[in-house]
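Encoded as structure tokens, the structure appears first; notes follow it.
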2 protein chains.
Amino acid sequence: MALTHAILSALIEKTCSGYDLAKRFDGSVGFFWRATHQQIYRELTKLEQAGLVSVKKVVQENRPDKKLYVVTENGQQFLTDWIAKPAKIAPVKDELLVKLFAGHLADRAAIAAELERHRLQHQNRLSEYREIEQCYFHTPHKLSQDNRFRYLTLRWGMRYEREWLAWCEEAIAFLQERFEP
Amino acid sequence: MALTHAILSALIEKTCSGYDLAKRFDGSVGFFWRATHQQIYRELTKLEQAGLVSVKKVVQENRPDKKLYVVTENGQQFLTDWIAKPAKIAPVKDELLVKLFAGHLADRAAIAAELERHRLQHQNRLSEYREIEQCYFHTPHKLSQDNRFRYLTLRWGMRYEREWLAWCEEAIAFLQERFEP
DNA sequence: TAACCCATGTAACCTGTTACATGATTAA
DNA sequence: TTAATCATGTAACAGGTTACATGGGTTA
């Protein structure tokens with residue numbers, strides 16, 4: 001179960017509150033592991049009970065108090081051990097591919113439209129990644145060790161999105177072709 | 001919820017029993033949507049109640065009776081409608097990327113080993129795909145309409161695995177490099 | 001004779017999703 | 001004054017995982 005680990009990884013990147021974590025899961029680690037705020041709060045409670053994170057109450061003016069979560073030594077060890085443990089490749093779970101698998105049932109134009117919508121979404125995601133690259137990773141050889149690793153994950157993301165784009169284009173072209181019966 | 005649709009897609013490709021479906025989910029649609037046999041049996045019961053599939057009892061000699069599931073007209077319409085409905089791109093959920101995100105915590109050799117293990121797994125998956133291509137899709141222009149769509153999904157799979165391989169190699173090379181501090 | 005395949009299921013549990021709740025502050 | 005942001009939570013439900021159960025047939 002990697003939600004635990006995703007949260008620890010995010011907290012190690014930067015200590016913050018549950019609320020902040022939830023927002024950060026829209027980017028950052030969130031690109032590779034999604035979580036809603038309810039999942040996060042639930043998990044943080046467990047992590048605290050297990051002694052993998054500790055909590056600091058921060059009293060604020062003009063806004064609600066918050067709990068800052070800090071990864072403990074135990075927490076860091078727990079993460080480090082996990083990283084070295086052999087794991088299987090992640091299973092693919094993708095609706096669009098299921099749709100194409102039975103694509104002959106539907107109208108060609110409908111499928112082409114759905115492919116085009118996906119193409120655009122992947123293009124947008126790629127643009128996001130490119131902006132992040134420009135912003136934080138424009139000089140790769142000057143990066144700190146931790147950021148070099150994060151840059152690697154970003155590069156995975158860019159490869160992934162570029163490949164999706166290429167495939168969408170291929171699939172759309174396929175739909176436009178005339179085949180012999 | 002696409003498990004429903006994945007099952008219908010698989011049944012449309014070929015009518016079979018719950019047991020057979022479970023096995024087929026190790027390949028075929030299963031490459032894009034995983035399911036355990038418990039999930040499948042549970043879902044088939046619901047699909048039958050909803051009238052999207054119908055059941056034929058088949059009495060066998062020397063082995064337990066089985067229930068053949070056939071997609072009904074309603075079921076086919078249900079699937080077809082779903083295919084045309086706009087959907088969002090699938091979120092990525094990948095442990096290895098979470099691991100790399102906090103990669104600086106772990107020993108370099110440990111991470112390199114994990115990357116290598118993943119590289120091998122992706123290579124194996126790619127070989128599987130290539131065999132399927134050789135076996136079923138070696139003459140693309142002679143394929144039936146439905147198989148052309150399935151071939152598209154296979155081509156996605158090959159792109160995906162090739163890109164993973166390339167990235168693993170990049171990441172491993174990165175770990176071997178010497179950087180200035 | 002032990003282990004595995006065929007075939008279907010129940011039960012308990014863990015994860016993930018959605019909706020609802022609160023209550024103050026700040027920007028449009 | 002309406003909506004959004006900050007901050008944390010409860011509750012109910014849907015989806016997914018793991019373990020266990022049964023019972024005959026086949027293979028090593």
Side-chain angles (χ1 to χ4, degrees), chain A residues 1-8 10-11 14-27 29-30 32-50 53 55-69 87-88 90-95 98, chain B residues 1-8 10-11 14-26 29-30 32-50 53 55-69 82 87-88 90-95 98:
Chain A
M1 195 251 322
L3 174 56
T4 315
H5 309 100
I7 289 177
L8 289 174
L11 284 180
K14 190 174 180 338
T15 286
C16 65
S17 66
Y19 182 85
D20 290 327
L21 257 186
K23 274 192 302 173
R24 289 176 54 208
F25 265 71
D26 285 338
V29 230
F32 316 120
W33 204 275
R34 294 254 124 215
T36 60
H37 84 275
Q38 291 81 352
Q39 274 181 280
I40 291 168
Y41 282 120
R42 210 156 49 178
E43 199 61 34
L44 282 173
T45 309
K46 279 194 214 163
L47 283 171
E48 198 200 337
Q49 282 163 5
V53 300
V55 190
K56 251 205 242 174
K57 286 216 171 179
V58 179
V59 181
Q60 295 180 113
E61 282 170 35
N62 296 344
R63 50 195 55 196
D65 299 353
K66 64 177 170 181
K67 300 180 180 176
L68 270 190
Y69 289 90
K88 284 186 187 161
V92 173
K93 258 204 165 185
D94 201 291
E95 283 200 6
V98 176
Chain B
M1 195 249 325
L3 173 56
T4 315
H5 309 100
I7 289 177
L8 289 173
L11 283 180
K14 191 174 180 337
T15 287
C16 65
S17 68
Y19 183 85
D20 290 328
L21 257 186
K23 273 193 302 172
R24 289 177 53 209
F25 265 72
D26 285 339
V29 230
F32 316 120
W33 204 275
R34 294 255 123 213
T36 60
H37 83 274
Q38 292 81 352
Q39 274 181 280
I40 290 168
Y41 281 121
R42 205 152 55 174
E43 199 61 34
L44 282 172
T45 309
K46 278 194 214 163
L47 283 170
E48 198 200 337
Q49 283 164 4
V53 300
V55 190
K56 251 204 242 173
K57 286 215 172 180
V58 178
V59 182
Q60 295 180 113
E61 280 171 35
N62 296 342
R63 52 195 54 196
D65 299 354
K66 64 176 170 182
K67 300 179 181 177
L68 271 190
Y69 288 90
W82 172 74
K88 284 186 188 162
V92 173
K93 258 204 164 185
D94 201 292
E95 283 200 5
V98 176

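Numbered from 1 within each chain, the chains take letters A, B, ... in sequence-line order. All heavy atoms count here, side chains included; hydrogens, waters and symmetry mates do not.
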Round to a whole Å and report the spacing from [atom1] of [X] to [atom2] of [N].
X: F25(B); N: dG15(D); atom1: CZ; atom2: C1'; value: 14 Å
X: L3(B); N: dG16(C); atom1: CG; atom2: C1'; value: 15 Å
X: K57(B); N: dA7(C); atom1: NZ; atom2: P; value: 14 Å
X: R34(B); N: dT17(D); atom1: CZ; atom2: C1'; value: 14 Å
X: H37(B); N: dA11(C); atom1: NE2; atom2: C1'; value: 12 Å
X: D26(A); N: dT5(D); atom1: CG; atom2: P; value: 12 Å

For [N] and [X] - does any side-chain N or O of the residue sit under 4.0 Å from the phosphate oxygens OP1/OP2?
X: Y19(A); N: dC6(D); value: yes
X: K23(B); N: dC5(C); value: no
X: S17(B); N: dC6(C); value: no
X: K67(B); N: dG9(C); value: yes
X: Y41(A); N: dT8(D); value: yes
X: Q39(B); N: dT17(D); value: yes

### Message
Tell me if the side-chain of R42(A) makes a donor-acceptor pair with the base of dG9(D), cut-off 3.5 Å, by modelled atom types.
### Response
no
Could you check which of [options] has an atom nearest any side-chain atom of [X]?
X: Q38(A); options: dA19(D), dG9(D), dG16(D); result: dG9(D)
X: N62(A); options: dT26(C), dT17(C), dT8(D); result: dT26(C)
X: Y69(A); options: dG15(D), dG9(D), dT17(D); result: dG9(D)
X: K66(A); options: dT8(D), dG9(D), dG16(D); result: dT8(D)

Distance (rounded to the nearest 0.5 Å) between [X] [atom1] and [Y] [atom2]:
X: R24(B); Y: S17(B); atom1: CZ; atom2: OG; result: 9.5 Å
X: D20(B); Y: Y69(B); atom1: CG; atom2: OH; result: 11.5 Å
X: F32(B); Y: E95(A); atom1: CZ; atom2: CD; result: 14.0 Å
X: T36(A); Y: Y41(A); atom1: OG1; atom2: OH; result: 11.0 Å

Nearest-nucleotide check on DNA chain C, T45(B) vs T36(A); residue mapping nearer the 5' end is T45(B)
The answer to which of K46(A) and R63(A) contacts DNA chain C further toward the 5' end, by nearest nucleotide, is K46(A)
Quiz prompt | Test item: V53(A) and I7(A) side chains (from C-beta on) under 4.5 Å apart, heavy atoms | solution = no
Could you tell me whether Q60(B) contacts a base, only the sugar-phosphate backbone, or nothing, with contacts defined as non-hydrogen atoms closer than 4.0 Å? sugar-phosphate
